[in-house]
Peer 1: 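Pasting in a structure now, in structure tokens, and then I'll have a few things to ask.
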Amino acid sequence: VQLQASGGGLVQAGGSLTLSCAASGRTASNNAMGWFRQAPGKEREFVAAIAWNGGSANYADSVKDRFTISRGYAQSTVYLQMSSLNVEDTAVYYCAVSIGSYGGRNSVWRYWGQGTLDTVSS
């Protein structure tokens, strides 16, 4: 599975941004998909994950009620709608595909995208 993320950029604090990630090669329609991020000088952290059918999702506490994860047509595309952004959200965002149908922070994530940089200015 190859993952291509897009949608990163520069946004002011309080603004919104939507990330997209498309899977190609082998289908990811039967697997959970998720988003992680890595801020400068910090370890990569879990952001959100969505089940194979889009039926359930879970979020890191730091983004709950501000970010929404969803899946697109044919279930091999995943989106991350981010709102009320603050400078602490500045990071490289990575999409990933889990080995299972349901994913979370402790799941095994097998495939990773190249990352897209989101910068939130104050």
Peer 1: Please check if Val1 and Leu19 belong to a single hydrophobic cluster, counting links between Ile, Leu, Val, Met, Phe, Trp and Tyr side chain heavy atoms closer than 4.5 Å.
Peer 2: yes
Peer 1: Tell me the closest heavy-atom pair linking Ala51 and Tyr102, and the distance in Å.
Peer 2: CB-CD2, 3.4 Å
Peer 1: Enter the distance from Gln4:CD to Gln114:CD here, rounded to the nearest 0.5 Å.
Peer 2: 4.5 Å
Peer 1: Tell me, do Trp52 and Val97 make a side-chain contact under 4.5 Å, heavy atoms counted?
Peer 2: no
Peer 1: If I take atom CG from residue Leu80 and atom OG1 from residue Thr116, how far apart are they, to the nearest 0.5 angstrom?
Peer 2: 11.0 Å
Peer 1: Hydrophobic cluster membership, with links at side-chain heavy-atom distances under 4.5 Å among I/L/V/M/F/W/Y: are Val92 and Phe67 in one?
Peer 2: no
Peer 1: In Å, rounded to the nearest 0.5 Å, how long is the span from OG of Ser84 to CG of Asp65?
Peer 2: 10.0 Å
Peer 1: So, Thr18 side chain and Gln81 main chain: donor-acceptor pair closer than 3.5 Å or not?
Peer 2: no
Peer 1: For residues 11-45, which residue pairs pass the ring pair (Phe, Tyr, Trp, His ring centres under 6.0 Å) check, not counting sequence neighbours?
Peer 2: Phe36-Phe46, Phe36-Trp109, Phe36-Trp112
Peer 1: Using the side chain to side chain donor-acceptor pair (under 3.5 Å) criterion, which residues pair with Asp89? Sequence neighbours excluded.
Peer 2: Arg37, Arg66
Peer 1: Working to the nearest 0.5 angstrom, can you tell me the gap between Asn86 CG and Ser62 OG?
Peer 2: 9.0 Å
Peer 1: How many angstroms lie between CG in Asp118 and CG in Leu85, if you round to the nearest 0.5 Å?
Peer 2: 7.5 Å
Peer 1: Is a donor on one side and an acceptor on the other found under 3.5 Å between the side chain of Thr90 and the backbone of Val120?
Peer 2: yes
Peer 1: Ignoring hydrogens and angles, tell me if any N or O in the side chain of Asn58 forms a donor-acceptor pair with the backbone of Gly103 under 3.5 Å.
Peer 2: yes
Peer 1: Following the transitive rule for hydrophobic clusters with a side-chain heavy-atom cut-off under 4.5 Å over Ile, Leu, Val, Met, Phe, Trp and Tyr, establish whether Leu3 and Ile50 coincide in one cluster.
Peer 2: yes
Peer 1: Please tell me whether Tyr93 and Val11 are part of a single hydrophobic cluster in this structure, the criterion being side-chain heavy atoms less than 4.5 Å apart.
Peer 2: yes
Peer 1: Would you check if the side chain of Asn31 reaches a backbone N or O of Ser101 as a donor-acceptor pair within less than 3.5 Å?
Peer 2: no
Peer 1: Testing the basics here: between Gly104 and Ser107, what is the closest heavy-atom pair and its distance to 0.1 Å?
Peer 2: N-OG, 2.8 Å
Peer 1: Ignoring hydrogens and angles, tell me if any N or O in the side chain of Gln12 forms a donor-acceptor pair with the backbone of Ser122 under 3.5 Å.
Peer 2: no
Peer 1: Taking the side chain as everything from C-beta on, heavy atoms only, tell me whether Ser121 gets closer than 4.5 Å to Leu10.
Peer 2: yes
Peer 1: How far does CD1 of Ile69 sit from SG of Cys95, to the nearest 0.5 angstrom?
Peer 2: 9.5 Å
Peer 1: Val78 and Tyr59: same hydrophobic cluster, using ILVMFWY side-chain contacts below 4.5 Å?
Peer 2: yes
Peer 1: Report yes or no: is the cationic atom of Arg71 (NZ for Lys, CZ for Arg) under 6.0 Å from the centre of the six-membered ring of Tyr79, at an angle within 45° of the ring normal?
Peer 2: no
